[in-house]
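A quick write-up on the structure given underneath.
Just so you know, these numbers use all the heavy atoms, side chains as well, and skip hydrogens, waters and symmetry mates. Quick caveat, the model's predicted, so the values are computed rather than measured.
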Amino acid sequence: MVTTVSNKAGRPTGHGPNPADSSEESPPSGRPPPGSAAAALAPALTAMVGTAVPVRFEFWDGSAVGPADAIGTLRIRSVDALRRILWSPGELGLSRAFVAGEITAEGDLFALLRVLRDASPRHLSAIGLRTVPTMVRAAHALGALGPPLPPPAEECRPKGRLHSPSRDATVISHHYDVGNEFYRLVLGSSMTYSCARFVGEETTLEEAQEAKHELICAKLGITVTPGARLLDVGCGWGSMAIHAVRHHGAQVVGVALSRAQVDEARRRVAEAGLGGRIEIRYQDYRDLHGETFDVISSIGMFEHVGAARMAAYFETLHGLLAPTGRLLNHAISKPGGSFLGRRTFVGRYVFPDGELLDVAEVIRAMQRAGFEVRDVESLREHYSRTLHAWVANLEDHWDEAVSLVGRPRADIWRLYMAASANGFDSGDLAIHQVLGIVPAANGTSGMPPTRTV
């Protein structure tokens, strides 16, 4: 797990214990000096990433291994990083060392993550099996043995039943209640935390988010149905609601479980003068009863639902729609599905309890709940471009971001966004918009005869 450092003003810089001032460079042969941290850990590094990876590893004592012309440099800035990895081999130990500032890096973060991913075992748990004996010997030689260190304060370990309302509220607060000003720096003026849609090479992030909202409005039929009653599930900071009302005269109810988001969404709605047409609620979708909507949007919220709750989720939304009503489910997906487990970086520090479901299972669950699926579209390449824009925003406002949320959390967000962008580039991650309708009793769908968007 890495972050980047740079000498450019306003850009991320390394943190944590500083390496020794007197650098103990590797000899011309490329072998690290005997007795150095690099010499002790070189066998473990070889087991983890091989010998051909174009990355330089520099250690707290100034020793190093790896090519001088590497695409990036990983700095292991404290012997404590080794202790964390010994107690939690694999991704969790690496994550804790990264968040604690004991591992940092310099260079192109996207490229660095790509080469490390390609060189490492597909499942980082295999690293422990490969390297623990070697690392124990190295740790003994380097004085790294000792009791486990406390995890960083930014780590989330929620209690209670998985995907219960109270636990969901806790993990959603962990992710979204970081601070509205921090998110404004990252997301830009659109305040939209989901995949944008870039319609041209010169499209800005803000224009792409508007295009995404307009695409959803068109798929839901809001563009040709003035006054449609829209439910926006997981409404975020209210951007979809504001767009639907401002451009198409919709009547909107937005629900979310982040108090910070709800407060800011209400402020933005009032500032836009749309309070008479938009109601923002702090409410779980499971508590929506006795109401009927023409259309429902769920944008970037479904990842919190989970496979076990998926059927109930779609059944609940189906029951809220009038005949010929439409649901647009916009969510990250993954072939075969993936639970972001407790021993992963994302599961502990970013999206606790998150699940990425296979789009085929999503379609099947929607149809079982009574929806007729009418349209499926992937925006995979658009999400990579969105994430690159968010990372650039964060880097451009790095000092301000650190002052708002602290360096560890800023580093966490930067790493997860860069790694996610690589996942969308490689096809390991995808994102799909799935449109379902509730047919009338006589089979009428209310859909246009041809797809126009």
- Residues H304, F351; criterion ring pair (Phe, Tyr, Trp, His ring centres under 6.0 Å); working and verdict: CA-CA 8 Å; H304 296 286; F351 281 111; 5.5 Å; yes
- Message: For a side chain to side chain contact (heavy atoms under 4.5 Å, CB included) check, start with the C-alpha distance between V405 and E154, then their side-chain angles and the critical distance, and finish with the verdict.
- Response: CA-CA 11 Å; V405 300; E154 292 76 14; over 6 Å; no
- Task: Would you sort out whether R117 and D428 count as a salt bridge (charged side-chain N to carboxylate O under 4.0 Å, His left out), showing the intermediate values?
- Result: CA-CA 12 Å; R117 178 199 63 198; D428 189 50; over 6 Å; no
- Item | Derivation of the side chain to side chain contact (heavy atoms under 4.5 Å, CB included) call for W398 and R414 | CA-CA 10 Å; W398 184 255; R414 188 163 178 269; 3.6 Å; yes
- Message: Is there a salt bridge (charged side-chain N to carboxylate O under 4.0 Å, His left out) between R268 and E271? Walk through the geometry before answering.
- Response: CA-CA 5 Å; R268 295 179 72 213; E271 183 179 66; 6.0 Å; no
- Message: One pair to check against side chain to side chain contact (heavy atoms under 4.5 Å, CB included): F371 and V438. What are the steps and the verdict?
- Response: CA-CA 5 Å; F371 287 101; V438 178; 3.9 Å; yes
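Classification of the W413-Y416 ring pair by plane angle, with boundaries at 30° and 60°, yields perpendicular. Taking the six-membered ring where tryptophan is involved, the planes of F98 and F345 are perpendicular, since the angle between them exceeds 60° and thus also 30°. Ring pair H175/Y183 is tilted by interplanar angle, where 30° to 60° counts as tilted.
E377 contributes atom CD, which lies 10.5 Å from atom NE2 of H330 (distance to the nearest 0.5 angstrom). Here N393 contributes atom CG and L205 contributes atom CG; the two are 6.5 Å apart, rounded to the nearest 0.5 Å. Interatomic distance, CD1 of I332 versus CG of L356, reported as 6.0 Å (0.5 Å rounding). Rounding to the nearest 0.5 Å places CG of L404 at 11.0 Å from CG of D399.
Within the 4.5 Å cutoff, side-chain heavy atoms of V434 are placed close to those of V359. Residues P152 and Y349 have side chains in contact (heavy-atom distance under 4.5 Å, counting atoms from C-beta outward). The shortest distance between side-chain heavy atoms of L74 and L116 falls below 4.5 Å. Taking the side chain as every heavy atom from C-beta outward, F302 and E355 never approach each other to under 4.5 Å. At least one side-chain heavy atom of E210 sits less than 4.5 Å from a side-chain heavy atom of H243. Side-chain contact check for M240 versus L230: some heavy-atom pair is nearer than 4.5 Å. Two residues are said to be in side-chain contact when any heavy atoms from C-beta on lie closer than 4.5 Å; L435 and M447 meet this criterion. Taking the side chain as every heavy atom from C-beta outward, K159 and R167 never approach each other to under 4.5 Å.
G300 approaches Y176 most closely through the heavy-atom pair O-OH, 3.9 Å. When every heavy atom of A196 is checked against every heavy atom of H382, the shortest pair comes out as O-CB, 3.2 Å.
In this structure, the side chain of T324 does not engage the main chain of A440 through any donor-acceptor pair within 3.5 Å. Judged by distance alone, the side chain of R246 and the main-chain N or O of L274 form no donor-acceptor pair under 3.5 Å. Proximity of a side-chain donor or acceptor of E207 to a complementary backbone N or O of T204 within less than 3.5 Å is detected. Put simply, the side chain of Q209 never gets that close to the backbone of S190: no donor and acceptor are under 3.5 Å apart. Looking only at distances, no side-chain donor or acceptor of S384 sits under 3.5 Å from a matching main-chain atom of R380. At least one donor-acceptor pair under 3.5 Å links the side chain of N422 to the backbone N or O of F110. The backbone N or O of I222 lies less than 3.5 Å from no partner atom in the side chain of T225, so there is not a single donor-acceptor pair. Checking side-chain atoms of T316 against main-chain N and O of A312 turns up a donor-acceptor pair under 3.5 Å. With hydrogens and angles ignored, the 3.5 Å screen pairs no side-chain donor or acceptor of R343 with any backbone N or O of L92. A donor-acceptor pair is defined here as one N or O able to donate and one able to accept, closer than 3.5 Å; such a pair exists between the side chain of R326 and the backbone of K219.
When the options I242, I280, I299, I278 are evaluated for a side chain to side chain contact (heavy atoms under 4.5 Å, CB included) with C235, the one that passes is I280. Tested against E102, the residues R84, R77, R75 include a single side chain to side chain contact (heavy atoms under 4.5 Å, CB included) partner, R84.
In the displayed structure, R259 atom CZ is contacted under 6.0 Å by at most 12 heavy atoms of other residues, nucleotides or ligands.
The closest side-chain donor-acceptor pair between K212 and T192, if any, does not fall under 3.5 angstrom. A side-chain N or O of H248 and one of E214 form a donor-acceptor pair less than 3.5 Å apart. Side-chain contact of S95 with R348: a donor-acceptor pair under 3.5 Å is absent, judged by distance alone. Inspection of the T203 and R197 side chains reveals no N or O donor paired with an N or O acceptor under 3.5 Å.
Contacts of H174 classified as side-chain contact (heavy atoms from CB on, under 4.5 Å), with partners at least two apart in sequence or in another chain: C156, P352, R409. Judged as a side-chain contact (heavy atoms from CB on, under 4.5 Å), and not counting sequence neighbours, the contacts of Q251 are R277. Residues passing the side-chain contact (heavy atoms from CB on, under 4.5 Å) test with N180 are W237, A260, E264, sequence neighbours excluded. Shown here are the side-chain hydrogen bond (donor to acceptor under 3.5 Å, both in side chains) partners of T386, two or more places apart in sequence or in another chain: there are none.
Among pairs with a residue in residues 291-311, those fulfilling salt bridge (Lys or Arg N to Asp or Glu O under 4.0 Å) read R229-E291, R281-E291, at least two apart in sequence or across chains. Listed by first and then second residue, the ring-ring contact (aromatic ring centres under 6.0 Å, His included) pairs involving residues 268-298 are Y285-Y313 (not counting sequence neighbours).
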